[in-house]
Amino acid sequence: MRKLFLIFPKLVYSFPVQLLLNNIKRNHVLILCWIILFAMVTGSFGKYLGIPYLFLDPEYLNQVNFRSFFIIGMVSAGFTTAFHITCYITDGHRFSFVGALSRPFSKFVINNSIIPAIFLVVYVHEIIQFQISNEYSRTGDLAWNLAGLIAGYAVMSLIFFVYFWFTNKDIFKYVVCRIDEKIKQNVKVTRASAMKKLDIARKKQIRVDNYLDFTLRSREVEDSSFYDKSTILQVFDQNHFNLVIIELCIFGLILVLGIFKDYPSFQLPAAASFIIFLTVFVMMAGAFSYWFGGWSATTALILFLVLNHLVGEEYLTKRYEAFGLNYQMPASEYSVASLRKLNDTVHVQRDWQNNLGMLENWRRKFPDDHKPKMVFLCASGGGKRAALWTLTALQTADSLTHGDLMEKSILITGASGGLIGASYFRELKLRDKLGEKVKPYNETHRHRISTDNLNPLIFSLMANDLFVGFTKFEYNGNYYYRDRGYTFEEQLNQITERLMDKPIKAYDSVEQQGLVPMIILAPTIVNDGRKLYIASRPVSFMNYDIMSFPDYALSKYAGIDFQTLFVDQGAGDLRFLSALRMSATFPYITPNTTLPTEPAIKIMDAGISDNFGLTDAVRFMYAYKDWIAENTSGVVFVSIRDSPKLGTIAPKVGQTIIDDVTQPISSVYNNFENFQDINSDMLINQAKYWFHNSIDRIDIQYQAESYVPILQKMDSIRQNNSRASLSWRLTTREKYGIISSINSDENKVELKKLSELLK
């Protein structure tokens, strides 16, 4: 005990521990950055959105390998160096003896490495656990990837070490310089006396190094009287200058990445982009602290308020555009009066009549003496998992029905990733009908649709949207910025083999002929919560319900037709990929699109108003209820859901104070899909009173619970962790789980029921 009693004070007052305590006490911003990194790599933050996967399974050039981990290692070392730089700039003066050491910055870094060392150990541990449990990596591949991480970290650290070794001066060199000056000024000084002074300086340096011995007492920290204060400050100032050079180089790197971001080789892994962003943030925090001292927090707050005001006044606002629209034309009026005009009886009846030809051509595909079932395909949103699940479900269902599913489908609705998967399958079926060799049921299409979209998006956010964004591209005669929306569309274009890179009007003729089902996208207008109906032709008949009360002047239209609203801006030329992007505006990842109206309207994900697309299908059916009842043997709603409709009700246990405070808001968010399900069920149930024919419902659901026992045997994951993340990136385990879910007992029953209905 006596030894522990004697060792404990030495440990507490050691330089590394004192630096750690100083960071905890003063550098809250830096500690917060480390906490964020720890939370991300351990899965404590963003697991539902798949954020930890970016760090534990980094992808570069569509591959996870030595190179991708090497890049992560390099940027991690860069962030660590930025952390040391900021600590040295802001707190070096608190430990003035450092200026009296040889290689002061190097010694400071070594003693300031407790947090970075712990992070590196935890990071490697989490990578090993994740790769084994989720990617089923072989031991050799895992070891090689980890070698890439460590090698990248070591190489970048070595580069910085060499730079500081040749640029940073210690106090001994400044003393030598002063002696040289005195020799030149006083010729009477002999070489022997000069060497004697040099020898004295060396002895003083040795005394300082031995005196410190990396164990410091508070009374010892203040003792730096071996050299005058101005000389020590000169050491710090010269070191600070070299550190500023490093910061400028990092900013230059970001600019280069932004300029060449369209070249795949320059697109860093998403985790690397985020770490670079944190690096810049840490350096800015250090700069503020160094320049403004005790006023740094106040200055940062004032600058934020000024910046917020400028953005609010649209001085610095960045507009994300829909490609294909002509923003040079005068903006369309968006007001209650214009909405009433665009949804009057004339417009609704005109669009209703023009679309009737599509239904009649659809009916001609079947014998006159046989009334077919009419199918409404409704695909739910849910990022990449919904895209893969929808494609898997449609491939399976259409194959089992020998193509009858798509032949008897009249309309596809939905949101986000579900519509992307459904649109891709529809395009494959169309190409197959046109004689192209695409093989719609081939598994390669599932592999393509499940390819990572998140990596280029995060990179574009860091390298383009935050810092640079001045390159443009031409589409249909108009020029647009290569922003994050462009990155999303180009990535989607690549993984879908560029099959859907066409304007929305290109689908008009094939839909009218009945070759493929019609698609109506319905993203949400942020300004007022209405839907924006986007289709290959005007569809204002989606507001047909107002015809029931023509004299009621206060009807609040559920949506507005895109083609009618933007007829002067070339609505038909809208890129179909842009329409999909608007319908899949994932919060904070894909940007809100601004459309040319006055006042300008912004677009959000279609899932905000109806994540499952059932309400839009009911609206379409209501508009043609009499025709459908007369020409079909009934309708079938096929709902392809990326979440179970009757999920397990979780008990509310362990309520904290924060839970009690946030519950009014969190309960609404957590039950958002339940609200929509209840509303959809009500509308379909009521449809039985105004639709004089049969209505059947098929629910093909992605239920993680159904395949948990299989996965538990493979990687021992828990049931509540088996569900794929809501992200534009999927792991190998998640892809396997999504595809395997089609073979669950519940889905087998629903698929068999669907086959019988379509006979």
Side-chain angles (χ1 to χ4, degrees), residues 320-334 338-339 341-343 346-359 361 411-413 419-420 422-423 426-427 430 434 473-480 485-486 489 492-493 496 498-523 525 530-543 559-584 593-598 600-601 603 606 616 620 623:
Y320 297 92
E321 299 177 342
F323 307 141
L325 288 183
N326 188 349
Y327 283 78
Q328 304 305 315
M329 296 294 293
S332 301
E333 180 185 355
Y334 190 81
S338 64
L339 292 179
K341 181 179 180 181
L342 296 177
N343 286 280
V346 175
H347 283 89
V348 172
Q349 289 287 7
R350 179 203 64 187
D351 296 346
W352 185 93
Q353 189 64 40
N354 291 340
N355 198 65
L356 183 61
M358 181 189 73
L359 275 71
N361 288 331
L411 179 69
I412 298 176
T413 59
L419 267 185
I420 291 176
S423 299
R426 183 184 75 151
E427 184 68 32
L430 174 61
L434 296 178
F473 75 103
E474 186 269 339
Y475 180 80
N476 195 35
N478 298 309
Y479 288 88
Y480 309 91
Y486 169 82
E489 291 185 26
L492 179 60
N493 200 18
T496 55
R498 301 188 177 275
L499 298 179
M500 298 188 292
D501 191 5
K502 59 183 75 174
I504 57 174
K505 65 182 181 182
Y507 287 105
D508 186 26
S509 61
V510 293
E511 289 177 356
Q512 285 280 20
Q513 297 173 44
L515 294 178
V516 290
M518 180 183 190
I519 286 184
I520 298 180
L521 302 97
I525 300 174
R530 290 183 171 90
K531 294 184 178 184
L532 182 66
Y533 293 118
I534 304 176
S536 60
R537 56 188 168 280
V539 290
S540 61
F541 60 80
M542 292 294 285
N543 287 321
I560 183 69
D561 176 55
F562 176 85
Q563 293 268 11
T564 306
L565 180 61
F566 297 106
V567 61
D568 295 331
Q569 289 80 19
D573 294 322
L574 174 71
R575 193 186 193 190
F576 184 67
L577 295 174
S578 291
L580 289 175
R581 187 235 304 176
M582 286 191 282
S583 181
T593 304
T594 300
L595 297 179
T597 59
E598 182 59 43
I601 59 175
I603 304 301
D616 296 326
F620 184 97

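As the structure is a prediction and not an experimental result, all values here were calculated from the model. For the numbers below, each heavy atom of this structure counts, side chains included, while hydrogens, waters and symmetry mates do not.
- Minimum heavy-atom separation, Arg350 to Pro538: NH2-CB, 4.0 Å.
- Residues Val510 and Leu434 form no side-chain contact, since every pair of their non-hydrogen atoms from C-beta on lies 4.5 Å or further apart.
- Residue Tyr507 is tested with Glu427, Arg537, Gln512 for a side-chain hydrogen bond (donor to acceptor under 3.5 Å, both in side chains); the sole match is Glu427.
- Note on Glu333 versus Lys341: no salt bridge recorded, every NZ/NE/NH1/NH2 to OD/OE distance being 4.0 Å or above.
- Side-chain atoms of Phe566 and Ile534, non-hydrogen and from C-beta on, never get closer than 4.5 Å to each other.
- Using modelled atom types, one side-chain atom of Asn543 and one backbone atom of Gly559 make a donor-acceptor pair closer than 3.5 Å.
- At least one test fails for Arg581 against the ring of Tyr320: distance under 6.0 Å to the centre or angle within 45° of the axis.
- The minimum heavy-atom distance between Arg426 and Val516, with the atom names listed, is CG-CB, 3.7 Å.
- Contact check for Tyr327 versus Leu595: side-chain heavy atoms found under the 4.5 Å cut-off.
- For the pair Thr413/Phe620, no side-chain contact is recorded, criterion being any heavy-atom separation below 4.5 Å from C-beta on.
- Side chain of Gln569 to backbone of Pro330: a donor-acceptor contact under 3.5 angstrom is found.
- Nearest heavy atom pair, residue Pro596 against residue Leu325, reads CD-CD1, 3.9 Å.
- Side chains of Glu321 and Tyr479: a donor-acceptor N/O pair is absent below 3.5 angstrom, by distance only.
- Side chain of Asp561 to main chain of Val539: a donor-acceptor pair is present (N/O by atom type, distance under 3.5 Å, no hydrogens or angles).
- Side-chain contact between Ile603 and Ile525 is present, with at least one heavy-atom pair separated by less than 4.5 Å.
- In terms of modelled atom types and a separation under 3.5 Å, the side chain of Ser540 and the main chain of His347 share a donor-acceptor contact.
- No more than 12 heavy atoms of other residues, nucleotides or ligands lie within 6.0 Å of CD in Gln328, so this atom counts as exposed by the packing criterion.
- Here the side chain of Ser332 pairs a donor or acceptor atom with the backbone of Leu565 at under 3.5 angstrom.
- Closest non-hydrogen pair, Leu577 versus Met500, comes out as CG-O, 3.9 Å.
- Checked by atom type and distance alone, the side chain of Asn343 pairs as donor or acceptor with a backbone atom of Leu339 at under 3.5 Å.
- Using a 4.5 Å heavy-atom threshold, the side chains of Asn355 and Asp351 count as separate.
- Side-chain atoms of Tyr486 and Tyr480, non-hydrogen and from C-beta on, never get closer than 4.5 Å to each other.
- For Tyr334 against Ile601, the heavy-atom pair with the smallest separation is CD2-CG2, 3.6 Å.
- With a 4.5 Å cut-off on side-chain heavy atoms, Asn476 and Arg575 do not count as touching.
- The shortest non-hydrogen separation linking Pro523 to Met582 is CB-O, 3.5 Å.
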